[in-house]
Undergrad: 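Mind having a look at this structure? Questions to follow.
Since the model is a prediction, treat every value here as computed from it, not as a measurement. The sequence lines fix the lettering, A, B, ..., with proteins before strands; numbering per chain opens at 1.
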Number of protein chains: 2
Amino acid sequence: MDSMTVMVRKQTAADQALRLDNQICFAVYSTAHAFNRVYKPLLDRLGLTYPQYLVMLALWERDDVPVKDLGERLFLDSGTLTPLLKRLEAAELVKRTRSTEDERVVLIALTPQGHALREKAKAVPQSILAASDCTVGELLAMKDEIVALRDRLNAVLGE
Amino acid sequence: MDSMTVMVRKQTAADQALRLDNQICFAVYSTAHAFNRVYKPLLDRLGLTYPQYLVMLALWERDDVPVKDLGERLFLDSGTLTPLLKRLEAAELVKRTRSTEDERVVLIALTPQGHALREKAKAVPQSILAASDCTVGELLAMKDEIVALRDRLNAVLGE
DNA sequence: GAGGATTCAATTGCGAACAATTAAATGTGA
DNA sequence: TCACATTTAATTGTTCGCAATTGAATCCTC
């Protein structure tokens, strides 16, 4: 095996790796966009964008929470959430009030319309399930794998 | 089983579904962001953002291509690509020239610096692999599943 | 060849996403 | 108590991502 062969093999390995990481990260990236596009017409009827829908999902599970709490649940920071929450407030779906106990904290609570929207939103999941053309079991298994990957990535970030 | 029981069960099923679809789509969404954050410090050294890195990866595989071609490979449209490509041109990594055969078409070609950046980029994949804390085989298997899901979603969009 | 449809990139406007900074409130240690 | 650090949202500036529109070039049909 001469030096030329070694060089060629090294290039090939690097190229493969470059392609591999491209495909995995790009797969997640492009699938997120594909989901977004499938959600769009469904969420248009609710008057929500996908990130706004995520915030509403979080609030339907537990509201009257600080912005920081929402950020930790959704992996988003105040730079993203503050303007988004102001738009939800303008749409009269949430109310933002400063905590009396700690004036640094802004508490996000659902309005009656915000609570009511939950009923409309119940039509969304089955449409997504249909579009994915997967069984619930398959999706759950994939979800667990993806979440495990995400958590490992976030663990590295936390170091 | 009285009517009250039926109602309660229906609500529970809808809630489960809402929660399920949330987790799957959100898993992909939040993992894409986690990847982005892991890539950021690595790509900063190359002077690229993650979407710019994707464009460069595509061009390293095949350049001298129309904007439309890049868009199809990356699932992005001209509204996203045009300003991004202008920034890459300002960074002298690509050159944009109007095709002489068809003046509607803008061809994207790598500059010598654009080609050269590929060598630096070879250091990126191994860092991502390490951060993911997965084997190559695991990542490849996940990638295939995710791509299959993406393609099914995109198929629904194409109808 | 002329008229109309189609294709392609660019543009505009809006909503994320995030880094970095700011400002105010709170907590802590000497 | 007072200085200093920390916490929490908000703000600013840059970059995506996409819908909708525009304008130019090309294609197609008659």
Undergrad: Round to the nearest Å and state the distance from Leu74(B) atom CG to dA9(C) atom P.
TA: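 It works out to 13 Å between those atoms.
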Undergrad: If you check every side-chain atom of Lys68(A), which of dC18(D), dA10(D), dT8(D) has the closest atom?
TA: dT8(D)
Undergrad: Heavy atoms within less than 4.0 Å of DNA chain C: which residues of residues 45-67 of chain B have one? Give them sorted by number.
TA: Pro66(B), Val67(B)
Undergrad: Rounded to the Å, how far apart are Asp77(B) CG and dA19(D) C1'?
TA: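 Taking atom C1' of dA19(D) as the reference, CG of Asp77(B) is at 8 Å.
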Undergrad: Could you work out which one of dA9(D), dA9(C), dG17(D) sits closest to the side chain of Thr80(B)?
TA: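 Nearest listed nucleotide: dG17(D).
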Undergrad: Report the nucleotide, chosen from dA9(D), dG17(D), dA10(C), that has the shortest atom-to-atom distance to any side-chain atom of Ser78(A).
TA: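 So the side chain of Ser78(A) is nearest to dA9(D).
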Undergrad: Scan nucleotides 25-29 of chain C against the protein and return all N/O pairs shorter than 3.5 Å with their distances rounded to 0.1 Å.
TA:
{"residue": "dT26(C)", "atom": "OP1", "partner": "Glu103(A)", "partner atom": "N", "Å": "3.3"}

Undergrad: Testing Phe35(B), Tyr29(B), Tyr50(B), Tyr53(B) for ring-ring contact (aromatic ring centres under 6.0 Å, His included) with Tyr29(A), which one passes?
TA: Tyr50(B)
Undergrad: Of the candidate nucleotides dC8(C), dT11(D), dC18(C), which contains the atom at the shortest distance from the side chain of Val105(B)?
TA: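 Selected nucleotide: dC8(C).
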Undergrad: Using a strict heavy-atom distance below 4.0 Å, which residues from residues 86-93 of chain B are in contact with DNA chain C?
TA: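 Those residues are Lys86(B).
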Undergrad: May I ask you to decide if Leu117(B)'s main-chain N or O and Trp60(B)'s side chain share a donor-acceptor pair within less than 3.5 Å?
TA: no
Undergrad: What is the distance, to the nearest angstrom, from the NZ atom on Lys40(B) to the C1' atom on dT14(D)?
TA: 11 Å
Undergrad: From C-beta outward on Arg96(A), which listed nucleotide comes closest to its side chain: dC18(C), dT11(C), dA10(D)?
TA: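 Looking only at heavy atoms from C-beta outward on Arg96(A), the closest nucleotide is dA10(D).
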Undergrad: Nearest-Å distance, CG (Asp44(B)) to P (dT15(D))?
TA: 12 Å
Undergrad: Both His33(A) and Asp69(A) contact DNA chain D. Taking the nearest nucleotide for each, which residue is further toward the 5' end?
TA: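 Taking each residue's closest nucleotide, the earlier one in sequence belongs to Asp69(A).
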Undergrad: Could you tell me how far apart Leu76(B) (CG) and dA10(C) (P) are, to the nearest whole angstrom?
TA: 14 Å
Undergrad: Between atom CD in Glu72(B) and atom C1' in dA9(C), what is the gap in whole Å?
TA: 14 Å
Undergrad: Val28(B) and Val147(A): same hydrophobic cluster, using ILVMFWY side-chain contacts below 4.5 Å?
TA: no
Undergrad: Could you please name the option among dC18(C), dA9(C), dG17(D) that lies closest to any side-chain atom of Tyr29(A)?
TA: dG17(D)
